[in-house]
Amino acid sequence: MSLHTDSGIDIQTLYTEAPLMNERPGEAPFTRGVHAQMYRSRLWTMRQYAGFSTAEESNQRYHYLLAQGVTGLSVAFDLPTQIGYDSDHPMAEGEVGKVGVAIDSLEDMERLFAGISLEDVSTSMTINATGFILLAFYIALAKKQGADLKKLSGTIQNDILKEYAARGTYIYPPGPSMRIITDIFAYCALEVPRWNTISISGYHIREAGATAVQELAFTLANGKAYLQAALAAGLDINVFAQRLSFFFNAHNNLFEEVAKFRAARRMWAGITTALGATDPRAQMLRFHTQTGGSTLTAQQPHNNVVRVTIQALAAVLGGTQSLHTNGFDEALSLPTESAATLALRTQQIIAHESGITATVDPLGGSFFVETLTSEMEAAATELIQRIDAMGGAVQAIEAGFIQEEIARSAYAYNCAIEDGSKTIIGVNQFTSDEVSDTPILKIDDSIRNLQAQRLAELRARRDAAKASACLATIRAAAQQGNNLMPVVIEAVEAQCTLGEISDELRQIWGEYKG
């Protein structure tokens, strides 16, 4: 009988030997972890991804989560915010506040973080095409709070290549988009040095249907492209690479996921070293993990508690620095407060009751895990070599290679579920006619009217001449090649809106059509 991982790697009946490994945690190439003591000295950051409706409602959820013991906030933005439209734009109709919080202005950002000191909390923002604007809002708010910008910590996702390949919330063509990213790298290295300027995301690649091997390969190939773009802009890899982080998915095949995380660290150390990194901190792959949203089922939703637990275990056993656990109800709606609390408790029980944090890399030395780590590395390296032969990740995306590979895997996976060769409990095996009574979080459609009213009031009372001048300055900076971050921060402080700034750059660079 032949068994294999979800990526198609054959699993032997018994493993009696493994590649020789004499590595120590905290030492390059970091297969066993980026810190010598790992969770013995500090637990991973426990984040809960939240954002919906108005900034005030999301703010209430953040205060609730902080009171329950989360150690970092993670912000979800609605679709108009993600693609650069204010809430009163015709393209925003029906989407305001639905899959995240609506943020149109600095005032909305103030409402979102009311009562929360930005200097004292680590914030992750899942935002890409408009990541520079949301970061500008955050920095402007921190300045209003009197915070020391050198102490601000957090992450913007800011991974536009993944958007072209798998997710679709892009605005501008690849060239200008990569320019914005290197502007952020350069600005933050000087002004906000503790900020992680990009979270290179395999999560959405996996959600789109990629295998674990493809997630690993495509994510690191994108990371390599960002390194090369920053080097081409004259930045020091030993400085900017320290502020790059990664964002991976965790699915149900526990050992494959652990091996993926271990292989990722080893591969990234090799990639950065080959491009000139000599500082070990620039060679480290640090990553956030979120449990697999696409693995959750609307059928028998309480089964998702078990799935999320397995996935969280994989992340911790694989050495994650930060973790979000999904609510069991997320195949039905945004998570309710009680589901989000249970998801957080899952992390806390793993951290404080399971015992797996007591030693570093507890699966290290396993014949199976070490062999699988090397096999994952070999398979992903082969894919990266194919991408390099095309000229790199940007060219591979423009040629449709990565998109086609993901689509092929997604189709094969769904066929396997339909023909029963892939078992999903409650879906194609051990099914039930019982109707779920799980409460569903519903978002009021009137939010768009509220946001539109606030925008009208803001535009009426701001200094219109100053706002127009700031937008003109952004236009000039974009055309002249100057760093955009300082002028965008100045613009949001003058109450320019997210949509206005996005549109200013649309007029210069146009929109990418794919």
Side-chain angles (χ1 to χ4, degrees), residues 49-64 73-116 118 123 125-141 144 156-157 168-171 333-335 337 440-464 466-468 470-471 474 488-489 491-506 511:
Y49 188 45
F52 58 92
S53 187
T54 62
E56 289 92 340
E57 287 195 63
S58 291
N59 175 263
Q60 290 174 15
R61 176 68 65 88
Y62 295 153
H63 280 283
Y64 174 79
L73 297 176
S74 189
V75 185
F77 298 96
D78 71 358
L79 189 58
T81 302
Q82 293 180 48
I83 56 177
Y85 293 117
D86 286 333
S87 296
D88 58 356
H89 194 284
M91 290 290 288
E93 188 168 356
E95 292 292 344
V96 177
K98 290 296 177 68
V99 298
V101 62
I103 299 295
D104 297 316
S105 67
L106 177 57
E107 290 184 359
D108 283 335
M109 190 64 94
E110 290 184 73
R111 297 180 185 106
L112 185 65
F113 289 102
I116 298 171
L118 301 190
T123 303
M125 294 188 280
T126 302
I127 195 73
N128 296 282
T130 56
F132 67 110
I133 304 174
L134 272 299
L135 178 59
F137 284 147
Y138 196 86
I139 291 170
L141 176 56
K144 288 190 73 171
I156 47 171
Q157 192 165 101
T169 62
Y170 46 74
I171 304 174
S333 70
L334 291 171
E337 199 168 84
I440 294 175
L441 182 66
K442 294 184 178 180
I443 306 300
D444 192 336
D445 284 327
S446 66
I447 293 165
R448 183 169 186 259
N449 295 332
L450 173 62
Q451 287 296 110
Q453 179 182 340
R454 286 174 167 174
L455 281 164
E457 292 171 352
L458 179 146
R459 292 183 181 120
R461 68 173 179 271
R462 72 185 179 185
D463 184 330
K466 184 176 182 180
S468 294
C470 286
L471 292 173
I474 290 173
V488 172
I489 293 169
V492 302
E493 290 176 328
Q495 299 297 349
C496 293
T497 69
L498 175 136
E500 291 167 344
I501 295 168
S502 299
D503 284 346
E504 202 66 45
L505 297 176
R506 278 187 178 96
E511 291 187 346

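When reading the values below, keep in mind they use all heavy atoms of this one structure, side chains included, and skip hydrogens, waters and symmetry mates. Index from 1, following the sequence.
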Notebook entry, point to check: Ignoring hydrogens and geometry, is there a side-chain-to-backbone donor-acceptor pair from H63 to A114 under 3.5 Å?
Noted result: yes
Notebook entry, point to check: Atom CD of Q82 and atom CD1 of I103: how far apart are they, to the nearest 0.5 Å?
Noted result: 12.0 Å
Next item on the list: Report yes or no: does D78 contribute a side-chain atom to a donor-acceptor pair with the main-chain N or O of G97 at less than 3.5 Å?
Entry: yes
With a cut-off of 3.5 Å and sequence neighbours excluded, list every side-chain donor-acceptor pair involving residues 127-135.
unit_1	atom_1	unit_2	atom_2	d
N128	OD1	N158	N	3.3
N128	OD1	D159	N	2.8
N128	OD1	K162	NZ	3.3
N128	ND2	Q157	OE1	3.1
N128	ND2	E163	OE2	2.9
T130	OG1	T81	O	2.9

Margin query: For A92 versus P80, what's the shortest heavy-atom pair and its separation?
Written below: CB-CG, 3.6 Å
Next item on the list: Run the numbers on I83 and T169 for side-chain contact (heavy atoms from CB on, under 4.5 Å), then give the verdict.
Entry: CA-CA 6 Å; I83 56 177; T169 62; 3.8 Å; yes
Next item on the list: List the atom of T54, the atom of L450, and the distance in Å for their closest heavy-atom pair.
Entry: CG2-CD2, 3.8 Å
Check: What distance do E500 atom CD and I474 atom CD1 have between them, rounded to the nearest 0.5 Å?
Finding: 9.5 Å
Next item on the list: Please round to the nearest 0.5 Å and tell me the distance separating atom CD of E457 and atom OG of S105.
Entry: 11.0 Å
Notebook entry, point to check: Is the number of heavy atoms from other residues, nucleotides or ligands under 6.0 Å of K98 NZ greater than 12?
Noted result: yes
Notebook entry, point to check: Does a salt bridge link E107 with R111, judged by any charged N lying under 4.0 Å from a carboxylate O?
Noted result: yes
Checklist line | Side-chain (R448) to main-chain (S87) donor-acceptor, under 3.5 angstrom | finding: yes
Notebook entry, point to check: For M109 and V75, what are the C-alpha separation, side-chain angles and deciding distance, and is it a side-chain contact (heavy atoms from CB on, under 4.5 Å)?
Noted result: CA-CA 11 Å; M109 190 64 94; V75 185; over 6 Å; no
Notebook entry, point to check: So how far is it from Q451 CD to D86 CG, rounded to the nearest 0.5 Å?
Noted result: 9.5 Å
Check: By salt bridge (charged side-chain N to carboxylate O under 4.0 Å, His left out), which residues pair with E511, not counting sequence neighbours?
Finding: R506, K513
Notebook entry, point to check: Pairs in or reaching into residues 97-116: which pass ring pair (Phe, Tyr, Trp, His ring centres under 6.0 Å), with residues at least two apart or in two chains?
Noted result: F113-Y138
Check: If you take all heavy atoms of G84 and D503, which pair is closest and at what distance?
Finding: O-OD1, 4.5 Å
Next item on the list: Measure the CG-CG distance between N449 and D88 for me, rounded to the nearest 0.5 Å.
Entry: 11.0 Å
Notebook entry, point to check: Does the side chain of E56 come under 3.5 Å of the side chain of Q60 through a donor N or O and an acceptor N or O?
Noted result: no
Next item on the list: Salt-bridge test for E110 and R454: reply yes if a basic N is under 4.0 Å from a carboxylate O, no otherwise.
Entry: no
Check: Considering all heavy atoms of both residues, which atom of L106 and which atom of L141 are nearest to each other, and what is their separation?
Finding: CD1-N, 3.9 Å
Note to self: Checking I501 against V492 for the side-chain contact (heavy atoms from CB on, under 4.5 Å) test, could you report, in this order, the C-alpha distance in whole Å, the side-chain angles of both residues, the deciding distance, and whether it holds?
What the structure shows: CA-CA 9 Å; I501 295 168; V492 302; 3.7 Å; yes
Margin query: Nearest 0.5 angstrom please: H89 NE2 to E95 CD, how far?
Written below: 14.0 Å
Next item on the list: Please report the closest heavy-atom contact between R462 and C496, naming both atoms and the distance.
Entry: NH1-CA, 3.7 Å
Next item on the list: Let me see the working for D108 and F137 under side-chain contact (heavy atoms from CB on, under 4.5 Å), right down to the final yes or no.
Entry: CA-CA 9 Å; D108 283 335; F137 284 147; over 6 Å; no
